[in-house]
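Let me begin by presenting the structure, written as structure tokens, before commenting on it.
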Amino acid sequence: MLYLSTRGHADRKRFCDILLEGLAPDGGLYLPEQYPRIDDARLTQLRETLATKGYAALAFEILSLYIDDIPADDLRALCAKTYTQEVFGTAAIAPVRQLEGNLLIEALSNGPTLAFKDMAMQLLGNLFEYELARRSEELNILGATSGDTGSAAEYAMRGKKGVRVFMTSPDGRMSPFQQAQMFSLQDENIHNIAIEGVFDDCQDIVKAVSNDHAFKARYKIGTVNSINWARLLAQVVYYFAGYLQATTTNAEKVSFTVPSGNFGNICAGHVARQMGLPIAKLVVATNENDVLDEFFRTGVYQVRGAAHTYETSSPSMDISKASNFERFVFDLVGRDGARTKALFAEGVAREGRFDLSQDPAFKKAAAQYGFVSGTSCHADRLATIKDCYQRLGQMIDTHTADGVKVAREHLDPSGAEPMLVLETALPIKFAATIEEALGRSPDRPAKFDGIENLPKRVVVMAADAEKVKAFIADHCQ
Ligand SMILES: *Cc1c(COP(=O)(O)O)cnc(C)c1O
């Protein structure tokens with residue numbers, strides 16, 4: 001299996017090479033040259049695998065279609081080590097439950113940081129440790145977080161050999177629970193840097209450090225952001241697991257609704273559908289930051305500036321530009337790298353937009369790829385959380401509530417086809433909005449009792465890239 005760039009670069013790479021890289025050299029994103037097809041007989045085998053051997057075995061079967069430069073026994077061991085009941089809280093790893101009627105929820109948020117990002121990041125941590133050891137290399141991960149990504153990365157990399165994490169976050173701006181999750185980690189290879197500024201300042205620092213090529217090379221600076229193909233690949237597995245739990249025969253179809261920001265999670269659904277998984281619709285649910293909904297309704301992709309990116313009560317979807325969207329557009333325009341490059345390197349980079357409304361390819365988004373969309377606002381979120389709790393007895397988080405609200409607009413009217421909403425976080429992470437909706441505080445998993453009172457390991461720093469560089473240099477001995 002070889003990987004290409006969405007912007008048409010001639011190079012082809014293998015999995016372990018792109019694992020440790022960010023963007024392709026031409027600024028594009030990596031995708032496999034083709035999607036392996038799962039036929040009916042193979043899907044039946046996978047159904048057997050999940051039923052008899054469990055999620056880790058299913059993960060190995062899917063991953064091995066895309067990874068041929070790690071020996072099978074090693075890859076199997078990496079999957080077994082990652083997807084355990086101990087780490088993910090249940091034997092099913094991603095259990096499906098009924099909300100009401102044919103509306104189901106796939107739980108992806110029972111990992112160490114209570115958000116779906118653990119599903120991929122935990123695997124990434126084990127893959128990094130494995131590959132760095134094989135190459136006798138080290139990696140210093142520098143990141144910026146407003147909450148979920150940073151904690152998922154830290155819990156995935158803690159104690160891993162060959163890896164250090166330097167995670168910047170805006171001082172005092174994450175929820176108390178999120179701060180406690182990150183800052184209570186005492187592992188020597190994890191460094192929390194609270195920046196006196198906002199999230200954009202943190203991102204600017206990461207960019208400035210990465211643009212210092214000499215520093216970047218000398219200190220082996222890398223990232224773990226959502227454009228990493230290995231993260232996307234790990235997410236493909238739970239679309240299979242969700243489908244297999246919601247059906248009994250391969251003749252059935254299901255739809256998925258996915259609370260979306262950077263288009264990473266739902267892009268994995270697109271890959272699963274291209275592999276032949278019987279998915280009817282892929283429903284993109286956005287919050288007030290509705291860049292993606294606008295595209296799927298109109299064919300116009302118009303990124304928003306920082307001033308037009310709203311701070312909402314589903315903050316992990318507050319994005320102005322969907323960093324994984326280019327992967328889908330590449331497929332939409334018939335895998336034309338030159339065309340994709342023009343749309344993103346010229347359209348988006350120079351004018352902040354492109355317009356496919358008059359292009360025949362745009363019709364394929366719905367007709368051939370199954371995409372539809374919708375939005376949800378603060379009032380919808382509160383009403384949905386309240387309805388699910390008071391009428392259905394289930395407490396859901398703010399992002400999942402956006403998903404449920406939009407999913408209800410796209411249910412199969414016959415009631416036959418299941419609709420799975422991906423649960424992207426647990427309510428405890430966003431307690432203030434749950435209290436606003438329900439007048440009570442959210443349930444807290446026992447292992448997080450008193451987390452806010454644990455000793456904190458964090459340094460506060462001015463928003464100055466030179467200071468961050470000096471800190472990294474100091475801690476790389
Ligand atoms: C990251 C995140 C999302 C958005 O996922 P994308 O892959 O960026 O679309 C939604 N909900 C929660 C809770 C998240 O942490």
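These numbers come from the heavy atoms of this one structure, side chains and all, not from hydrogens, waters or symmetry mates.
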Q.
Would you say Thr309 and Asn289 are linked by a side-chain donor-acceptor pair, where the criterion is simply a distance under 3.5 Å?
A. no
(Q) Between Arg135 and Asp17, does the salt bridge (Lys or Arg N to Asp or Glu O under 4.0 Å) criterion hold? Intermediate values first, please. (A) CA-CA 11 Å; Arg135 298 177 178 210; Asp17 295 319; 3.1 Å; yes
**Q.** Short side-chain donor-acceptor distance under 3.5 Å, Asn126 and Thr82
**A.** yes
Q.
Going by the rule salt bridge (charged side-chain N to carboxylate O under 4.0 Å, His left out), which residues pair with Asp187 if we only count those two or more places apart in sequence or in a different chain?
A. Arg158
Q. In terms of heavy-atom contacts, does NZ of Lys456 have more than 12 from other residues, nucleotides or ligands at under 6.0 Å?
A. yes
Q) Phe354 and Phe344: aromatic ring centres closer than 6.0 Å? A) yes
Q. Does one side chain, of Ser314 or Asn287, offer a donor that lies under 3.5 Å from an acceptor on the other?
A. yes
Q | Within 6.0 angstrom of His308 NE2, more than 12 heavy atoms from elsewhere | A | no
**Q.** side-chain hydrogen bond (donor to acceptor under 3.5 Å, both in side chains) against Glu436, all qualifying residues, sequence neighbours excluded
**A.** His378
Q | Validation row: Val291, Thr286 side chains within 4.5 angstrom (heavy atoms) | A | no
Q) Could you give all pairs that pass the ring pair (Phe, Tyr, Trp, His ring centres under 6.0 Å) test and reach residues 107-146, with sequence neighbours left out? A) none
(Q) Using only atom types and a distance under 3.5 Å, with no angle test, would you say the side chain of His410 pairs donor to acceptor with the backbone of Ser373? (A) yes
